[in-house]
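Down below is the structure, laid out as structure tokens.
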Amino acid sequence: MAGIFAAPAQADSWSSHLTGVAAGFESRRWTEASSDTTTNIKFTGCSGAQSVVNVTFVKDNSLSPDTYYTKAAFTACFASSTATSSGNWDDHGAGNYYFVVNDGGGDLVTVKSLTVTY
């Protein structure tokens, strides 16, 4: 008996780090093809003059102003070089995205490792 099996959805991701980025820093852009994607942004090993880094998830709209989603305050990642903070953004539609660090102002921040999964 033959059957049809659907392969499980595979999440895409990318990793990087941040070194002494200023308020308003914009990450690289990435494309999410699915309209029902959950995006997770995780920072590991944060350091800087403050003990919080605000991360804003943004949809890059080429023909209109960009759409800014809820801001996440990452604090746990400042506890040690292996401590992490993360935020999830759900149901935002297909398109091109990026995140902004401390878009409301703040000091320089360094992040040992960051991962974006979508």
Side-chain angles (χ1 to χ4, degrees):
M1 176 175 256
I4 299 175
F5 297 97
Q10 297 294 315
D12 289 314
S13 66
W14 59 272
S15 298
S16 190
H17 67 278
L18 304 176
T19 304
V21 299
F25 170 84
E26 296 181 359
S27 74
R28 62 169 266 200
R29 270 57 172 171
W30 67 91
T31 301
E32 297 186 13
S34 176
S35 62
D36 62 351
T37 301
T38 295
T39 302
N40 175 269
I41 300 173
K42 180 172 80 170
F43 284 12
T44 302
C46 300
S47 60
Q50 297 177 306
S51 58
V52 63
V53 59
N54 292 303
V55 178
T56 306
F57 182 64
V58 185
K59 185 171 189 176
D60 190 355
N61 298 315
S62 59
L63 301 176
S64 60
D66 290 351
T67 303
Y68 285 70
Y69 293 90
T70 304
K71 185 182 301 186
F74 288 3
T75 57
C77 60
F78 286 89
S80 73
S81 64
T82 58
T84 64
S85 292
S86 65
N88 289 312
W89 289 266
D90 297 322
D91 300 327
H92 43 267
N96 296 317
Y97 291 90
Y98 63 100
F99 65 83
V100 179
V101 173
N102 289 334
D103 66 328
D107 291 319
L108 300 179
V109 66
T110 293
V111 178
K112 180 179 170 186
S113 172
L114 72 88
T115 304
V116 176
T117 306
Y118 50 96

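FYI, the numbering just counts along the sequence from 1.
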Minimal non-hydrogen separation, [X] against [Y], with atom names:
| X | Y | result |
| --- | --- | --- |
| S27 | W14 | CB-CH2, 4.2 Å |
| W30 | Y98 | CZ3-CA, 3.4 Å |
| A76 | A83 | O-CB, 3.3 Å |

Roughly how far apart are T117 OG1 and D12 CG, rounded to 0.5 Å?
->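 If I round to the nearest 0.5 Å, the distance is 9.5 Å.
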
What's the spacing between D60 CG and R29 CZ if we round to 0.5 Å?
->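 Answer rounded to 0.5 Å: 4.5 Å.
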
Counting only N and O atoms by type, is there a donor-acceptor contact under 3.5 Å from the side chain of [X] to the main-chain atoms of [Y]?
| X | Y | answer |
| --- | --- | --- |
| T115 | K42 | no |
| K59 | A94 | yes |
| D66 | N61 | yes |
| Y97 | H92 | yes |

Taking the side chain as every heavy atom from C-beta outward, state whether [X] and [Y] have any atom pair closer than 4.5 Å.
| X | Y | answer |
| --- | --- | --- |
| V111 | H17 | no |
| T39 | F99 | no |
| T70 | W89 | yes |

Only pairs under 3.5 Å count here: list side-chain donor-acceptor contacts from residues 43-58, not counting sequence neighbours, and write none if there are none.
{"residue": "Q50", "atom": "OE1", "partner": "D107", "partner atom": "N", "Å": "3.3"}
{"residue": "T56", "atom": "OG1", "partner": "D103", "partner atom": "OD1", "Å": "3.1"}

Give a yes or no on whether F25 and I41 share a hydrophobic cluster (residues Ile, Leu, Val, Met, Phe, Trp, Tyr; joining criterion: side-chain heavy atoms under 4.5 Å apart).
->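 Yes, F25 and I41 fall within the same hydrophobic cluster.
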
